[in-house]
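Protein chains get the first letters and strands the later ones, always in sequence-line order, with residue 1 at the start of each. Note: hydrogens, waters and symmetry copies are ignored here, and every other heavy atom, side chains too, is used. Bear in mind the structure is a predicted one, so any value in this text is a computation, not a measurement.
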There are 2 protein chains.
Amino acid sequence: MMNGNDENKISIKRIAELSGVSPATVSRVINNNGRFSEKTRRRVMKVIRENNYGMNYVAKSLRMKKSFTIGVLVPDISNAFFSSVVLRMEKYLYSKGYSVIICNTDRDEHKEMAYLRTLEGKMVDGLLIISGDQEFDTSVIQTQTLTVCIDRKPKNTENAVFISSDHYHGGLLATETLIKQGCKKLGIIISHENLYSSKERLRGFKDALEKNGLTCNPNRIIKINDKETKPEEVKLHVLKSFRDGNLYDGIFAVNDRLAFGTMKACQDFGWKVPENVKIIGFDDDPLCTYSSPSLSSVKQDIDQLAKVSCDILLKLINSEMMTSTEKCQMIPTSIILRESV
Amino acid sequence: MMNGNDENKISIKRIAELSGVSPATVSRVINNNGRFSEKTRRRVMKVIRENNYGMNYVAKSLRMKKSFTIGVLVPDISNAFFSSVVLRMEKYLYSKGYSVIICNTDRDEHKEMAYLRTLEGKMVDGLLIISGDQEFDTSVIQTQTLTVCIDRKPKNTENAVFISSDHYHGGLLATETLIKQGCKKLGIIISHENLYSSKERLRGFKDALEKNGLTCNPNRIIKINDKETKPEEVKLHVLKSFRDGNLYDGIFAVNDRLAFGTMKACQDFGWKVPENVKIIGFDDDPLCTYSSPSLSSVKQDIDQLAKVSCDILLKLINSEMMTSTEKCQMIPTSIILRESV
DNA sequence: TTGTATGCGTTATCAT
DNA sequence: ATGATAACGCATACAA
């Protein structure tokens with residue numbers, strides 16, 4: 001079996017020999033800078049093709065202090081929302097000549113820091129940090145690497161850019177939709193309260209109530225433990241609230257998983273969706289179409305989120321000027337209405 | 001804003017100066033090889049900590065011809081099955097000190113080849129190639145990089161290892177399950193026929209029929225265009241077959257998306273699932289639990305698939321010996337029964 | 001237009 | 001036990 005180690009890759013030096021020019025000239029031809037005659041260009045390119053030369057990016061990176069690689073930190077790539085974001089990012093960055101190193105952090109701060117050190121050692125040109133628990137502290141975690149935080153507040157806004165879906169508006173939108181449909185006894189199901197996005201969605205919920213002259217009944221705020229967000233587990237928590245005598249005619253779940261658990265709870269408790277209680281989730285998970293009733297949900301503009309994030313990062317990398325509004329952008333959310341309302 | 005370029009990272013050389021030893025000694029201490037006194041070790045380590053030194057892996061890679069990076073080629077990371085596989089791989093490889101470069105190929109041969117060149121230039125230590133259309137040809141695509149193909153046959157078995165779920169057995173299992181439930185008029189919905197996994201699942205279907213004395217009616221093989229695998233599109237194709245007068249009492253869909261489309265078609269056509277027609281899918285997508293009726297499906301052992309693949313690749317990288325059975329492994333599949341049968 | 005020489009940060013060889 | 005030196009492949013400043 002062919003072993004990777006015994007390969008003898010050809011180098012610029014060798015191409016230079018074969019085409020009777022200096023390595024410098026070969027380099028100039030390859031990168032199309034400096035000046036050289038058309039005749040030389042053709043001769044060199046011919047040799048390159050014939051010998052199937054391929055650039056050694058490791059050497060190039062060392063020399064140029066630039067790796068053409070972006071590190072992407074994400075809590076869990078198997079999550080539908082995250083993997084879609086990463087997909088978009090990868091495609092966009094690929095088109096710009098960058099590769100992506102993927103890092104599953106499990107929201108584990110320790111793993112996160114370890115990865116950060118490794119990525120810095122690999123000289124990544126930039127960092128895309130998606131979600132995660134705490135605020136992201138660029139000073140404690142000693143990375144000078146250019147960073148764009150998505151759905152996660154950087155502690156030091158001098159050092160990192162912040163892009164986010166407009167979770168607040170999403171929460172507002174969902175809640176007002178329920179209100180418009182006549183709901184009076186509104187509740188919210190929430191988990192991962194320390195997440196920026198959760199906080200914002202909750203804030204939107206509360207503000208919508210206030211704006212419409214409704215009071216936020218604390219008994220109708222169901223908090224789900226971060227480790228128990230499986231639909232079955234959620235169902236039990238929600239059922240408990242139902243059995244405790246809390247009445248609902250509209251529920252906003254801060255994410256779709258919670259919404260599914262809530263729907264199951266309603267079924268079990270004998271409340272019909274949407275007749276007795278209306279439900280709206282968040283993320284527009286592919287599952288939404290399949291549940292019965294199908295689930296209304298707030299949809300994030302994943303394409304835009306990924307594109308804007310990458311664009312800003314590339315701007316940083318190319319040390320282009322940026323307006324202060326660019327350094328902190330909100331991507332609008334929209335609501336997809338289905339049977340559950 | 002801090003710019004990545006003006007950082008002045010400290011090097012082994014500088015650590016050497018600060019601790020009054022040579023760079024060579026510092027390197028030896030860091031990598032804990034060679035010999036050095038305990039006193040030296042402590043002094044060097046102290047300086048390293050105090051100055052927050054971090055290894056430059058790019059330089060290390062150039063020198064050692066080893067990048068501690070694995071390239072992962074995957075058709076579409078936003079697919080639930082693929083992203084789960086990648087998640088497991090990344091976790092496992094991280095624990096072994098490797099990073100993962102993710103490459104979405106869209107099953108586009110051109111992009112695939114371009115990526116392969118880039119990865120080789122980045123000196124990745126190995127390649128994990130998941131699925132994809134054609135057989136993977138290590139000679140045409142001139143990569144000497146150590147490769148493990150998952151669910152995709154390498155053309156030259158000398159140059160690459162092949163790991164796969166047992167799709168054949170999965171197809172067999174699904175079909176026999178339907179037969180045991182009394183189905184006589186069995187059909188299959190299939191897309192991506194050129195995929196190794198699809199072929200195998202189909203083969204399992206046919207063999208199961210034959211083994212049970214049933215004939216495979218070609219009219220009950222519904223082929224879906226690769227570009228029209230959305231449930232709604234699938235539904236139309238399946239409905240057409242129904243309207244053409246083809247009768248079914250059991251359907252094996254080679255993946256869950258097709259199964260969902262098929263279920264919708266049954267609903268529209270007035271056939272009850274599972275009373276009139278029983279359905280089994282493949283992949284055990286999270287969606288299976290949510291559809292109504294919930295969908296039975298063949299489940300791949302993702303953990304095992306990822307772990308075995310990584311283990312083999314690491315063995316290749318460390319040029320460990322391998323038995324010929326190791327070079328071509330099948331991971332067992334199982335069936336998850338739900339309401340649809 | 002082209003060549004020479006140097007250095008990026010590291011490890012490995014060969015001394016001492 | 002430790003140091004001097006070369007080499008990995010490339011880009012660039014400077015010279016010609």
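Note: CD1 (Ile15(B)) to C1' (dT2(D)) measures 18 Å, nearest angstrom. In this structure, the CD1 atom of Ile30(B) is 13 Å from the P atom of dA12(C), given to the nearest Å. For the pair Ile12(B) CD1 and dG3(D) C1', the interatomic distance rounds to 14 Å; values are reported in whole Å. In this structure, CG of Asn56(A) is placed 7 Å from P of dG9(D), rounded to the nearest angstrom. In this entry the distance linking NZ of Lys13(A) with P of dT4(C) reads 12 Å, nearest Å. Atom pair Leu62(A):CG and dG9(C):P shows a separation of 7 Å (rounding to whole Å applied). Here the P atom of nucleotide dC10(D) and the CZ atom of Arg14(A) are 14 Å apart, to the nearest Å. Between the CE atom of Met55(A) and the C1' atom of dC10(D) there is a distance of 8 Å, rounded to whole Å.
Side chains of Arg117(A) and Asn52(B): a donor on one and an acceptor on the other come within 3.5 Å. Judged by distance alone, the side chains of Asp151(B) and Ser197(B) never bring a donor and an acceptor atom under 3.5 Å apart. Between Ser99(A) and Lys122(B), the side chains place a donor N or O and an acceptor N or O closer than 3.5 Å (distance only, hydrogens not considered). A side-chain donor-acceptor contact under 3.5 Å links Asn31(A) and Lys60(A).
A sub-4.0 Å separation between OP1 or OP2 of dC8(D) and a side-chain N or O of Tyr57(A) is absent. Considering only side-chain N and O atoms, Ser11(B) lies nowhere under 4.0 angstrom from the phosphate OP1 or OP2 of dG9(C).
Every residue meeting the side chain to side chain donor-acceptor pair (under 3.5 Å) condition with Arg152(A), not counting sequence neighbours, appears here in chain and number order: Glu112(A). Partners of Asn51(A) according to the side chain to side chain donor-acceptor pair (under 3.5 Å) rule, which considers only residues two or more places apart in sequence or in another chain, do not exist here.
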Polar atom pairs (N or O), protein with nucleotides 12-16 of chain D, under 3.5 Å:
from: dT12(D); atom 1: O4'; to: Arg63(A); atom 2: NH2; distance (Å): 3.2

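Mapped onto DNA chain D by nearest heavy atom, Gly20(B) and Ala59(B) fall at different nucleotides, with Gly20(B) at the one closer to the 5' end.
The ring pair (Phe, Tyr, Trp, His ring centres under 6.0 Å) analysis of residues 60-91 of chain B, with sequence neighbours excluded, yields no pairs. Identified under the ring pair (Phe, Tyr, Trp, His ring centres under 6.0 Å) test for residues 93-134 of chain A, with sequence neighbours left out: Tyr94(A)-Tyr115(B), Tyr115(A)-Tyr94(B).
Taking every side-chain heavy atom of Lys65(B) into account, dC8(D) is the closest of dC8(D), dG3(C), dC10(D).
Across all their heavy atoms, Val161(A) and Pro154(A) have their closest contact at O-CG, 4.2 Å.
The residue Val58(B) sits apart from the nucleic acid: no heavy atom pair falls under 4.0 Å.
Taking every heavy atom of residues 35-48 of chain A and every atom of DNA chain C, pairs under 4.0 Å involve Arg35(A), Phe36(A), Ser37(A), Thr40(A), by number.
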